[in-house]
Participant: 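After the structure tokens below, expect a handful of questions from me.
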Amino acid sequence: MADVRTRFAPSPTGYLHLGGLRTALYTYLFARKNNGVFILRIEDTDQEREVPGAVELIYQSMREAGLTYDEGPDVGGAYGPYIQTQRRDLYLPYALQLIETGAAYPCFCTKEELQERRDAATARGEQFKYDKHCLHIPRDEAKRRMQSGEPFVIRQNVPATGVAGFEDALFGHVEVACETLDDNVLIKADGLPTYNFANVVDDHLMAITHVMRGTEYLSSTPKYNLLYEAFGWQAPIYVHLPVVMKDATRKLSKRYGDPSFEDLLAQGFVKEAILNFIALLGWCPKEEREFFTLPELVEAFDLDGLSKSPAIFNMEKLVWFNSEYIKKMDFETYLRTATPWFEQALAGRGVDYRRLAELMHGRTEVFNRVPDMVRFLAELPEYEVELFTHKKMKTDLAVALTALTLARPALAALPTFDEEPLKECLMALAESSGLKTGQMMWPVRVALSGLASTPGGATEIAYLLGKEESLRRIDLALQKLSA
RNA sequence: GGCUCCGUGGUCAAGUGGUUAAGACACCGCCCUUUCACGGCGGCUACAGGGGUUCGAAUCCCCUCGGAGUCACCA
């Protein structure tokens, strides 16, 4: 087989969504695994859908994901340009060549006429299909009209009978009857090619050997193969990837507010976790294993681990992956990453972020959840006195009152609020007063935090709060309990 | 609706004619414990349904049902 050349060919319509990211990932992995070439090509032939700045967004996402490409608009290569609108003039000659051989023909029907006929057909309950009306215009007349400046498109001349098919590396042989196929437009009135045509011409010109793309193209691929045959070109090997779903019936789509790769990064997901999770959504490694770095994915990737059915994007599992990756993060990286999130809730409070980070490191699932978890340090939340009652800790209001009454002067007498002395003090106090550890610690922690659960125990929180604020909060609790 | 494709627990999934049908997330329980997490141990839940083929089907065939994709001068 020739050297493997693959491509990721997104349209610049906004952020890179997760389905696109997965396609890019698999394509990249396949290329790298086979020591092949990975290419980025921008398919921007639809000028109406083009979103300004989207191309740069794609470069950025690819870079952030670590999916480096060997050829592309911003890195160059021997098969450029890699942006289709910059290739606009090279498609027409190929279409003209097809007209010569009868595999295509110019069509002068206007969009409006077509739409009327389409509407009429649906009104009758029929499915519209172009009737090859313009195919029957005499060759000379057609040529004259094309040269006269009359708007026209070029359509593929699909045989009326017979079958068209192709071999998919994942789905096997796929075949359709030609009569169910429409004569699609190859070159639009604006002179730009449609996807149907551009992808065939470009994949051939760029010597692409393997095409990986979503299954939305599965049913139209036989038509593309007809084009390859008409040109006498060798078609690439196709690998169609099942779509990524949001739930059982809807696919993941940015239009419906589902997160893009960039969104997830902004929310505090780490890119390694996203990639790892995405890789396993529709692909399964040979070995029993679920943690992979990008290089490890390259090593492990193989086509027959791919699944044929759509996979539902399971946010909970992504969150789990993320928390695992955060735990594996070295501490300094965690501290650096978490600090801006601490700032959101604690700016100017003088909290010891390093100590807080130690406590939070093993409990952080997604960074955007951090501010809510630490906000109690800045401001004591409103809480009900019933919070002091905890069955497992064997505490009730009376126990809490006793514990806090004892703790208050003992803590006030402490010269510093370091954790060790704090702990020794409270433990000793519990023991000497006949209280269980929990009966002392629970009330103190609740008084300090106003929360049923916190990222740390009573002594850690007392340290973070400092002596003054801690005593203030205990006094408040004492008031509550005495009322 | 036509065409194409898919169908193992709630989710991701292993499985390619003979298995007690893995594993992970989630969930539940227990242990650990100054809360909550973490961690450890254990548990619940699946071959869409019906026909075949076969000594034997999650695995092969057919039908039904369910779901998805696609039917543009969008990609």
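Throughout, a chain's letter reflects where its sequence line sits, starting with A, and its residues are numbered from 1. The basis for the numbers below is simple: all heavy atoms, side chains too, and nothing from hydrogens, waters or symmetry mates. All values derive from a computational prediction rather than experimental measurement.
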Participant: Under 3.5 Å, which protein N or O atoms sit close to an N or O of nucleotides 41-46 of chain B? Give each pair with its distance.
Facilitator:
none

Participant: Write down the distance separating the C1' atoms in B:A75 and B:U19, rounded off to the nearest Å.
Facilitator: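 My reading of the C1' atoms in B:A75 and B:U19 gives 45 Å.
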
Participant: Any idea how A:Y130 and A:Y105 line up, ring-wise: parallel (<30°), tilted (30 to 60°), or perpendicular (>60°)?
Facilitator: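 A:Y130 and A:Y105: parallel rings.
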
Participant: Send over the distance from A:Y238 OH to B:U4 P, rounded to a whole Å.
Facilitator: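 Interatomic distance, OH of A:Y238 to P of B:U4: 19 Å.
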
Participant: Is there a Watson-Crick or G-U wobble partner for B:A46 with both distances under 3.5 Å, and which nucleotide is it?
Facilitator: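 Partner of B:A46: none found under 3.5 Å.
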
Participant: When the P atoms of B:C41 and B:G23 are considered, how many whole Å apart are they?
Facilitator: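 Per the computed distance, 13 Å lies between those P atoms.
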
Participant: If you look only at pairs with a residue in residues 421-441 of chain A, which of them pass as a side-chain hydrogen bond (donor to acceptor under 3.5 Å, both in side chains), with sequence neighbours excluded?
Facilitator: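 Non-adjacent pairs meeting side-chain hydrogen bond (donor to acceptor under 3.5 Å, both in side chains): zero.
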
Participant: Measuring only the P atom in each nucleotide, how far is B:U8 from B:U59? A whole number of Å is fine.
Facilitator: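 Per the computed distance, 12 Å lies between those P atoms.
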
Participant: A:E126 has an atom CD; how far is it from atom C1' of B:C3, in whole Å?
Facilitator: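 Taking atom C1' of B:C3 as the reference, CD of A:E126 is at 17 Å.
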
Participant: Only pairs with both distances under 3.5 Å count, Watson-Crick or wobble alike; so what is the partner of B:G23 in this structure?
Facilitator: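 Because both required distances fall under 3.5 Å, B:G23 counts as paired with B:C12.
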
Participant: Return a table of donor-acceptor pairs under 3.5 angstrom between the side chains of residues 149-170 of chain A and protein atoms on other chains or two or more places apart.
Facilitator:
{"unit_1": "A:E150", "atom_1": "OE1", "unit_2": "A:R145", "atom_2": "NE", "d": "2.9"}
{"unit_1": "A:E150", "atom_1": "OE2", "unit_2": "A:R145", "atom_2": "NH2", "d": "2.8"}
{"unit_1": "A:R155", "atom_1": "NH1", "unit_2": "A:D183", "atom_2": "O", "d": "2.7"}
{"unit_1": "A:Q156", "atom_1": "NE2", "unit_2": "A:K223", "atom_2": "O", "d": "3.1"}
{"unit_1": "A:N157", "atom_1": "OD1", "unit_2": "A:K132", "atom_2": "NZ", "d": "2.7"}
{"unit_1": "A:N157", "atom_1": "ND2", "unit_2": "A:G102", "atom_2": "O", "d": "3.0"}
{"unit_1": "A:E167", "atom_1": "OE2", "unit_2": "A:H173", "atom_2": "ND1", "d": "2.5"}
{"unit_1": "A:D168", "atom_1": "OD1", "unit_2": "A:L170", "atom_2": "N", "d": "2.7"}
{"unit_1": "A:D168", "atom_1": "OD1", "unit_2": "A:F171", "atom_2": "N", "d": "2.8"}
{"unit_1": "A:D168", "atom_1": "OD2", "unit_2": "A:H240", "atom_2": "N", "d": "3.1"}
{"unit_1": "A:D168", "atom_1": "OD2", "unit_2": "A:H240", "atom_2": "ND1", "d": "2.6"}

Participant: Take atom NZ of A:K308 and atom P of B:U16, then tell me their distance rounded to the nearest Å.
Facilitator: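 In whole Å, B:U16 P and A:K308 NZ are 15 Å from each other.
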
Participant: With sequence neighbours excluded, tell me which residues meet ring pair (Phe, Tyr, Trp, His ring centres under 6.0 Å) with A:Y228.
Facilitator: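 With neighbours one apart ignored, the set is empty.
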
Participant: So if I define the base as every atom that isn't primed, P, OP1 or OP2, how would nucleotides 22-36 of chain B read as a B/S/- string at a heavy-atom cutoff under 4.0 Å?
Facilitator: BSBSS------BBBB

Participant: What is the distance, to the nearest angstrom, from the CG atom on A:L241 to the C1' atom on B:C5?
Facilitator: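 These atoms are roughly 14 Å apart.
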
Participant: Where each residue is assigned the nucleotide of RNA chain B containing its nearest heavy atom, which of A:V176 and A:F313 is assigned the position nearer the 5′ end?
Facilitator: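 Per heavy-atom nearest nucleotide, the more 5' residue is A:V176.
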
Participant: My understanding is that a pair needs two contacts under 3.5 Å, Watson-Crick or G-U wobble. By that rule, which nucleotide pairs with B:C41?
Facilitator: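 Answer to the pairing question: B:G29, which forms a Watson-Crick or G-U pair with B:C41.
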
Participant: Cation over ring, A:R289 on A:F292, under 6.0 Å and within 45°?
Facilitator: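 Judged by the rule (NZ or CZ under 6.0 Å from the ring centre, within 45° of its axis), A:R289 counts as positioned above A:F292.
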
Participant: What are the two closest non-hydrogen atoms of A:A410 and A:C425, and how far apart are they?
Facilitator: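 Closest approach of A:A410 to A:C425, heavy atoms only: CB-SG, 3.9 Å.
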
Participant: At under 4.0 Å between heavy atoms, what does A:Q439 touch on the DNA or RNA strands: base, sugar-phosphate, or nothing?
Facilitator: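 Nothing, no heavy atom under 4.0 Å.
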
Participant: Measuring only the P atom in each nucleotide, how far is B:G43 from B:G50? A whole number of Å is fine.
Facilitator: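 About 29 Å, rounded to a whole number of Å.
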
Participant: Does A:P421 offer a backbone N or O that forms a donor-acceptor pair with the side chain of A:D418 under 3.5 Å?
Facilitator: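 The answer is no, because no donor-acceptor pair under 3.5 Å joins these two groups.
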
Participant: When both hydrogen-bonding distances must be under 3.5 Å and the geometry is Watson-Crick or G-U wobble, what is B:U53 paired with, if anything?
Facilitator: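 Answer to the pairing question: none, since B:U53 forms no Watson-Crick or G-U pair.
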
Participant: Please tabulate, one pair per line, all N/O donor-acceptor pairs under 3.5 Å involving side-chain atoms of residues 380-393 of chain A, not counting sequence neighbours.
Facilitator:
{"unit_1": "A:H390", "atom_1": "ND1", "unit_2": "A:K392", "atom_2": "N", "d": "3.4"}
{"unit_1": "A:H390", "atom_1": "ND1", "unit_2": "A:M393", "atom_2": "N", "d": "3.1"}

Participant: Can you spot which of A:T23, A:T27, A:T221 makes a side chain to side chain donor-acceptor pair (under 3.5 Å) with A:R213?
Facilitator: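 Result: among A:T23, A:T27, A:T221, A:T221 is the only option passing the side chain to side chain donor-acceptor pair (under 3.5 Å) with A:R213.
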
Participant: Check for a donor-acceptor pair, side chain of A:E469 on one end and backbone N or O of A:G466 on the other, with a separation under 3.5 Å.
Facilitator: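 Checking the backbone N and O of A:G466 against the side chain of A:E469, no donor-acceptor pair under 3.5 Å is found.
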
Participant: Can you check the distance between B:G7 and B:A14, where both ends of the measurement are the P atom (answer in whole Å)?
Facilitator: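 B:G7 and B:A14 have their P atoms separated by 10 Å.
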
Participant: Using the C1' atoms only, state how far B:U20 lies from B:G15, rounded to an integer number of Å.
Facilitator: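 Approximately 15 Å lies between the C1' atom of B:G15 and that of B:U20.
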
Participant: Using whole Å, report how far CG of A:L18 lies from P of B:U11.
Facilitator: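 Distance, rounded to whole Å: 19 Å.
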
Participant: Can you name the one residue among A:D202, A:L186, A:L192 that meets side chain to side chain contact (heavy atoms under 4.5 Å, CB included) with A:Y91?
Facilitator: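 It is A:D202; the other options fail the test.
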
Participant: Please list, chain by chain and in numerical order, all residues satisfying side-chain hydrogen bond (donor to acceptor under 3.5 Å, both in side chains) with A:N368, sequence neighbours excluded.
Facilitator: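 For A:N368, no residue satisfies side-chain hydrogen bond (donor to acceptor under 3.5 Å, both in side chains) once neighbours in sequence are set aside.
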
Participant: Could you run down nucleotides 65-75 of chain B 5' to 3' and tag each one B, S or - for protein heavy-atom contact under 4.0 Å?
Facilitator: --SSBSBSBBB

Participant: B:A21 and B:C12: how far apart are their P atoms, nearest whole angstrom?
Facilitator: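 About 22 Å, rounded to a whole number of Å.
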
Participant: Taking the same atom, P, in B:C5 and in B:U11, what whole-Å distance lies between them?
Facilitator: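 My reading of the P atoms in B:C5 and B:U11 gives 24 Å.
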
Participant: Name all residues meeting the side-chain hydrogen bond (donor to acceptor under 3.5 Å, both in side chains) criterion together with A:R117; count only those two or more places apart in sequence or in a different chain, and write none if there are none.
Facilitator: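 Result, side-chain hydrogen bond (donor to acceptor under 3.5 Å, both in side chains) vs A:R117: A:D131.
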
Participant: Which residues pass the side-chain hydrogen bond (donor to acceptor under 3.5 Å, both in side chains) test with A:N322, sequence neighbours left out?
Facilitator: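 Checked A:N322 against side-chain hydrogen bond (donor to acceptor under 3.5 Å, both in side chains); zero matches.
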
Participant: Using Watson-Crick or G-U wobble geometry with both distances below 3.5 Å, tell me the partner of B:C3, or none.
Facilitator: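 Answer to the pairing question: B:G69, which forms a Watson-Crick or G-U pair with B:C3.
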
Participant: Closest heavy-atom contact between A:F197 and A:A95?
Facilitator: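 So the minimum-distance heavy-atom pair works out to CZ-N, 3.6 Å.
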
Participant: Take the protein atom CZ of A:R289 and the nucleotide atom C1' of B:C12, then report the distance between them rounded to whole Å.
Facilitator: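 Rounding to the nearest Å, CZ of A:R289 and C1' of B:C12 are 18 Å apart.
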
Participant: Calculate the interatomic distance between A:L280 atom CG and B:A14 atom P; express it in whole Å.
Facilitator: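 Atom CG in A:L280 sits about 10 Å away from atom P in B:A14.
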
Participant: Mind checking what makes side-chain hydrogen bond (donor to acceptor under 3.5 Å, both in side chains) contact with A:D302, not counting sequence neighbours?
Facilitator: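 Per chain and number, A:D302 pairs via side-chain hydrogen bond (donor to acceptor under 3.5 Å, both in side chains) with A:K286.
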
Participant: Given atom CD of A:E324 and atom P of B:A37, what is their separation to the nearest angstrom?
Facilitator: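 Whole-Å distance recorded here is 15 Å.
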
Participant: Starting at the 5' end of nucleotides 58-64 of chain B, put B wherever the base has a protein heavy atom under 4.0 Å, S where only the sugar-phosphate does, and a dash everywhere else.
Facilitator: -------

